Amino acid sequence: MTTFQRHVLFIFLLLLSPCESFVVNKTLFRRRPALLHETRESTYSLVNDQPKTLLSQRISTPISSLPPPPEASANPSDDGFRSFRQNVPLSVQHWLRDSGMLRFIVNSLVYIGLPGLVQQYPDTLSTFLRLTNECTTIKYGNHPMQKMDVFEPKTVSKQSKGLVVICHGGAWGSGKKWMYRLTATRKLEHGYTIAVLGYRTYPDASVDGQVSDIQRSLDKLKQRYPSQHTTILGHSSGSHIALLGVLQRKLKVDALICVAGVYDVVKHFMFEKGRGVDMISPLLPANGHVEKEWVLRSPIRLVDETTRDILPPTLLVHGAKDSVVPYTSAVDFYNALQQCQSDENCLLSILPSTEHAETVIQLMVGGETQDIVMEWLESQVLE
């Protein structure tokens with residue numbers, strides 16, 4: 001392997017955020033969740049005083065006690081990105097991004113990380129194989145990526161509590177539906193029908209095409225499950241396109257869960273620039289190449305007085321230690337809702353000790369992200 005090839009491989013290993021989670025100590029997933037909800041008194045607390053359940057437990061923590069969001073240039077693990085950006089010709093970076101080679105490498109590296117996940121969580125292999133045998137794959141378009149895996153609960157009553165549609169992450173340019181298959185486990189156990197979406201990632205589709213894919217998949221699901229309470233659960237870029245579609249009035253659902261999402265493309269581009277990934281990241285082309293297009297695809301820029309009429313009950317979950325998408329992404333979006341008095345049905349939850357990839361791993365194997373999501377979801381279905 002040449003020096004250049006080693007350099008490229010090193011960069012992609014860094015770029016693949018889910019690989020971080022394969023070496024996370026298991027004790028991180030045993031902590032009880034701390035829910036933090038921003039109020040107009042500039043504290044993070046929950047609005048219900050009843051202490052019976054996780055979501056109704058009042059916790060009040062001054063904003064000053066939260067760690068500051070990670071600086072884009074402060075993470076030493078990003079030094080390789082910055083070196084890559086300086087030393088590799090821009091044409092090569094763009095070719096990797098726009099040819100689909102970046103997607104191929106990043107998706108392939110997930111396979112490399114799987115043994116580490118199975119070693120740390122031995123039950124995941126048997127669970128994954130069981131889910132694979134139980135899933136029904138449904139096409140909703142002609143493109144190979146326009147498919148979804150559907151799982152139906154095997155409960156005594158055989159009646160589903162509702163439909164949960166999962167939109168995977170991957171920085172708009174990578175990710176596959178099978179990578180998020182394990183996130184169905186806990187929800188199936190609680191009696192929900194799960195659809196894990198595959199959708200066209202860049203360069204096969206821009207953000208607009210990805211929103212369109214979600215729309216088409218929902219139309220297909222509504223034909224199959226016409227009366228189901230429907231929730232979209234997105235992670236990272238999956239949260240972005242789900243929320244964007246709702247605010248553009250293209251997606252209509254009963255509830256929305258956004259985990260570790262990007263809600264201001266303009267601001268996030270500057271963060272990626274500080275990390276050194278801006279020229280290789282799919283963010284720029286997938287969202288329209290120029291700032292005026294990024295504004296149109298930033299959920300935070302679409303919030304106004306009419307948002308309260310179109311935004312369903314929404315849960316925002318973000319890790320305070322997220323160095324891929326800073327938690328201020330969620331805080332800023334919630335603040336925008338408050339300014340337009342559209343925050344009544346939105347809960348903001350900041351997890352003090354959680355990183356970006358940990359949120360999705362916790363959705364797979366258990367932890368505070370999953371606990372919060374499941375209890376909030378149950379509260380919505382029971383209402």
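Quick caveat: nothing in here was measured; it's all calculated off a predicted structure.
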Might you point out which heavy atoms bring His168 and Lys177 nearest each other, and give the distance in Å? CD2-N, 4.1 Å
Side chain to side chain contact (heavy atoms under 4.5 Å, CB included), that's the test. Do Leu182 and Val365 meet it? Break it down for me. CA-CA 8 Å; Leu182 288 172; Val365 301; 5.5 Å; no
Assert yes or no for the condition that the ring centre distance of Trp294 to Tyr263 is strictly below 6.0 Å. no
Which atom names give the shortest non-hydrogen contact between Val262 and Ser329, and what distance separates them? CA-OG, 3.7 Å
Would you call His268 and Val265 a side-chain contact if the rule is heavy atoms closer than 4.5 Å? no
Rounded to the nearest 0.5 Å, what's the gap from CD1 on Ile194 to NZ on Lys187? Could you check? 6.0 Å
Might you work through the side chain to side chain contact (heavy atoms under 4.5 Å, CB included) test for Leu256 and Leu315, ending with a clear yes or no? CA-CA 6 Å; Leu256 180 63; Leu315 173 66; over 6 Å; no
For the residue pair Thr193 and Ser160, confirm or rule out a side-chain donor-acceptor distance under 3.5 Å. yes
Quick one: are Leu302 and Leu244 in side-chain contact, heavy atoms under 4.5 Å? yes
Test Arg297 against Asp208 for salt bridge (charged side-chain N to carboxylate O under 4.0 Å, His left out), laying out the working first. CA-CA 8 Å; Arg297 291 164 183 82; Asp208 296 341; 2.7 Å; yes
Between the side chains of Asp371 and Arg186, is the shortest nitrogen-to-carboxylate-oxygen separation below 4.0 Å, so that they form an ion pair? yes
Measure the CD1-CG distance between Ile138 and Leu221 for me, rounded to the nearest 0.5 Å. 6.5 Å
Do the side chains of Pro282 and Leu284 get nearer than 4.5 Å, heavy atoms only? no
Step-by-step salt bridge (charged side-chain N to carboxylate O under 4.0 Å, His left out) determination, Lys161 to Glu378: CA-CA 9 Å; Lys161 287 183 178 179; Glu378 293 277 83; 3.0 Å; yes
When you compare the side chain of Gln146 with that of Asp213, does any pair of heavy atoms fall below 4.5 Å? yes
Side-chain heavy atoms under 4.5 angstrom apart, residues restricted to Ile, Leu, Val, Met, Phe, Trp, Tyr: same cluster for Val295 and Val207? yes
So, Ser91 side chain and Pro89 main chain: donor-acceptor pair closer than 3.5 Å or not? no
Could you grab the distance from atom CD of Glu344 to atom OG1 of Thr314, nearest 0.5 Å is fine? 12.0 Å
Between the side chains of Gln380 and Asp254, is a donor N or O closer than 3.5 angstrom to an acceptor N or O? no
If I take atom NZ from residue Lys267 and atom CD from residue Glu272, how far apart are they, to the nearest 0.5 angstrom? 14.5 Å
Between Ser236 and Gly238, is there a donor-acceptor pair closer than 3.5 Å when you use the side chain of the first and the backbone of the second? no
What's the separation between atom CD in Glu291 and atom CG in Leu296, rounded to the nearest 0.5 Å? 11.0 Å
Any sub-3.5 Å donor-acceptor pair from Asn107's side-chain atoms to Ser174's backbone N or O? no
Before you tell me yes or no, could you show the steps for Val165 and Leu233 under side chain to side chain contact (heavy atoms under 4.5 Å, CB included), namely the whole-Å CA-CA distance, both residues' side-chain angles and the distance that decides it to 0.1 Å? CA-CA 6 Å; Val165 181; Leu233 190 163; over 6 Å; no
Do any N or O atoms from the side chain of Asp343 and from the backbone of Cys346 form a donor-acceptor pair under 3.5 angstrom? no
Do Thr132 and Arg181 have side-chain N/O donor and acceptor atoms under 3.5 Å apart? yes
For residues Val360 and Tyr111: do they belong to one hydrophobic cluster (side chain heavy atoms under 4.5 Å, members Ile, Leu, Val, Met, Phe, Trp, Tyr)? yes
Just how far is it from atom CG of Leu337 to atom CG of Asn345, taken to the nearest 0.5 Å? 10.0 Å
Closest non-hydrogen contact found for Gly175 with Thr201 is O-CG2, 4.3 Å
Search all heavy atoms of Pro299 against all heavy atoms of His240 and return the closest pair with its distance. CD-CD2, 3.6 Å
Is there a side chain to side chain contact (heavy atoms under 4.5 Å, CB included) between Trp172 and Gln210? Walk through the geometry before answering. CA-CA 8 Å; Trp172 303 279; Gln210 293 169 18; 3.7 Å; yes
Can any side-chain N or O of Asn287 pair as donor or acceptor with the backbone N or O of Leu283 at less than 3.5 Å? yes
Can you spot which of Leu348, Val259, Ile257 makes a side chain to side chain contact (heavy atoms under 4.5 Å, CB included) with Leu316? Leu348
Leu129, Val118: one ILVMFWY side-chain cluster at the under-4.5 Å cut-off? yes
Any side-chain heavy-atom pair of Thr306 and Arg249 under 4.5 Å: yes
Taking C-beta and beyond as the side chain, do Thr136 and Arg224 meet within less than 4.5 Å on heavy atoms? yes
Side chain proximity check, Gln341 to Glu305, heavy atoms < 4.5 angstrom: no
Under a 3.5 Å cutoff, is there a donor and acceptor pairing between the side chains of Glu368 and Thr354? yes
Report yes or no: does Ser237 contribute a side-chain atom to a donor-acceptor pair with the main-chain N or O of Ala171 at less than 3.5 Å? yes
Glu152 and Tyr225: which non-hydrogen atoms are nearest, and at how many Å? OE2-OH, 2.5 Å
Short side-chain to backbone donor-acceptor contact, Gln215 and Leu251, under 3.5 Å: no
Has Ser239 got a side-chain atom pairing as donor or acceptor with Cys258's backbone, closer than 3.5 angstrom? no
Determine, using ring centers only, whether His143 and Tyr199 are less than 6.0 Å apart. no
Any side-chain heavy atom of Asp98 within less than 4.5 Å of one from Tyr202? yes
Distance-only, no hydrogens or angles: does the Gln93 side chain make a donor-acceptor pair with backbone N or O of Val88 under 3.5 Å? yes
Would a distance-only check, ignoring hydrogens and angles, find a side-chain to backbone donor-acceptor pair under 3.5 Å from Glu358 to Glu355? yes
Centroid-centroid under 6.0 Å between His356 and His235 rings: yes
If you take all heavy atoms of Lys147 and Tyr140, which pair is closest and at what distance? N-CE2, 3.4 Å
Tell me whether Lys252 at atom NZ has more than 12 heavy atoms from other residues, nucleotides or ligands lying less than 6.0 Å away. no
